[in-house]
Amino acid sequence: MTWHIDQPTMNRYEEGGLDRVAASSLEAHTNQCGQCRSLVSVDPGIFELQWLKIADRIEVGRRGLIERALERSGVPDHIARVVALSPALRASFVLAVLLVLVFAAAASTSNPGAGSYRIFLIVAPLLPVAGVAMAFGKLVDPAHELTLASPIDAFRLLLWRAAAVLTVSLGAAFLFWPVVPAPSTVGFAAWVIPAFALTLTTLALSSRFEPSVGSGIVTAGWLLVILPALDSGNPFGAYAQALSLGLAFVAGVLFVLRRDHFNRKGQS
Amino acid sequence: MQVSVTDVHKKYGSRAALDGVSFELGRGITGLLGPNGAGKTTLLRCLATVLAPDRGRLEIFGLDPDRPSERTEIRRRLGYLPQEPGFYRNFTCFDFIDYLAILKEHVDRSDRHNEVRRVLALTGLTDRSTTKIRKLSGGMRRRLALAQSLLGSPGLLVLDEPTAGLDPELRFRFRELITELSADRVVFLSTHQTEDVAAICDRVIVLDSGRARYDGTPSGLAELARGNVWLSNDRPASARIYWRMANGQYRAVGKPPPNVDMLEPTIEDGYVMLVGAAGLGEEPAAA
């Protein structure tokens, strides 16, 4: 070697004070020169940190689409993980929602003017109900018992997941709404308010039954009410909307009052 | 005492799973023995705060699990291995434990990952951290389930049949690990393996038909069968239970006929005397 690095230059390198060209030159030289390598101060902490970063890259699995989207939108990584793990947010569920909407929209548009748009209005509010059924509970979550025994508030967990399910299913339904040939008197809110009411009722019932059972009850109840009502006027009129709001309020209050029932089985 | 169970009752329909169970637990390992359907899992689920008793009182670290805020605090200090822990089969070992660490409020990513590595190392699963759960054997999954129960170094470990499905070597490793951990915490484990009780438990509770039939030392349980275990050359008619050994003789437990060779009783013999008597509707042995 015809030249060596002096200590002040090495210090500037370690502090990140050298430009890229000078730093590369220094690195190439220290690879070859033992004398200059001895000037490099070694901080074991840096190696440890680097190693942990490498271990993370190897050990931590690739996050799913929804989890990454949640993280990018500012949701903390631990919350994104527990929300995204809901079966209701897996690709299969999202695909099923889209398929149902495609069929409902197709059925509604196949015979415009004959009130067939109502098929869409019947189906759309049930999508978040199905999502809630798949968001929580021992039938859909293999680690449900471990979730219950953990300090995380199961009520809050269900709320996060229900909110995510609502966003996905209502968002998807909203995309299809413009192609449904509904009269101008029937707006977006016509099915959104019933959807909220049915979802909150499912959540309230889930404090007593498994969410899948609660959603079955709600679906059956909805069909029993809505199908006969289709023949006798507009089931999405102002009166029905007011009733939906009332149901949503009562179910919401019950859901909150019974919040502890999600955290422990057999709670009186 | 760190755990107190007082007159706890739990019914499923008309069947009493727990019928007035009372005991206290302190530091060390307490084993829970009992036949199938005796109420062991129900009792452990109550202690793990996932199931509320119908009647009676539980107190864990001086806290009442009926009160939501105190229950949360108990759960922060609890490690629970259920009888059938569910797994996300497509997760790797690391991701599964990482997810459960999130549920246990390990929020900081870097600290959490270090904690995950720690419990995987404790259970000998470091080299499996990137293996998908669906590719693990039953014994490996049991270790993974045990690993999650150790997250956060809990003060109370509630383990439901932790050695089920483990091969002998893994069982020995489990015993080693649990005895080490029990030095400064409460360990309450249910098992069907009386050898595990003999090997590691300071104390054993025998549960039968929802009631605690015995609460004492493992050697005390064995003593219940003293004078009731004997060797016989012929099939012993008066025995409660017997089996033919490799040498052709019968080892029998029950009321012995005169002039037979008596044997030193084991925990298993004491357990048979206790639970067998109850099962046959006879007067149980003195507990």
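As a basis for the values below, the full set of heavy atoms in this structure was taken, side chains included, without hydrogen atoms, waters or symmetry mates. First the proteins, then the strands, lettered A, B, ... as listed; each starts at 1.
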Check your understanding: Which heavy atom in A/Pro142 sits nearest to a heavy atom in B/Tyr88, and how many Å separate them?
Key -> CD-CE2, 3.5 Å

Point to revise | Heavy-atom pair with the smallest gap, counting every atom of B/Thr49 and A/Arg264 | key: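 Looking at all heavy atoms of both residues, the shortest contact is O-CG, 3.1 Å.
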
Check your understanding: Measuring from B/Ile102:CD1 to A/Ile79:CD1, what's the distance to the nearest 0.5 Å?
Key -> 10.0 Å

**Study point:** Nearest-0.5 Å distance that lies between atom CZ in A/Arg81 and atom CZ in B/Arg112
**Key:**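 Result: 8.5 Å between the selected atoms.
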
Interface moiety of [X] toward chain A, non-hydrogen atoms closer than 4.5 Å:
X	result
B/Tyr80	both
B/Thr72	both
B/Leu103	both
B/Asp95	both

Does [atom1] belonging to [X] count more than 12 external heavy atoms closer than 6.0 Å?
X	atom1	result
A/Phe249	CZ	no
B/Arg55	CZ	no
A/Phe196	CZ	no
B/Glu84	CD	no

Study note, to complete from the structure: Among residues 143-153 of chain A, those lying within the under-4.5 Å heavy-atom range of chain B are A/Ala143, A/Glu145, A/Leu146, A/Thr147, A/Leu148, A/Ala149, A/Ser150, A/Pro151, A/Ile152

Indicate every side-chain donor-acceptor pair of residues 200-208 of chain A with a distance under 3.5 Å to a residue at least two apart or in another chain.
from, atom 1, to, atom 2, distance (Å)
A/Thr201, OG1, A/Ala197, O, 2.6
A/Thr202, OG1, A/Leu198, O, 2.8
A/Ser206, OG, A/Thr202, O, 2.6
A/Ser207, OG, A/Ala204, O, 2.6
A/Ser207, OG, A/Arg258, NE, 2.7

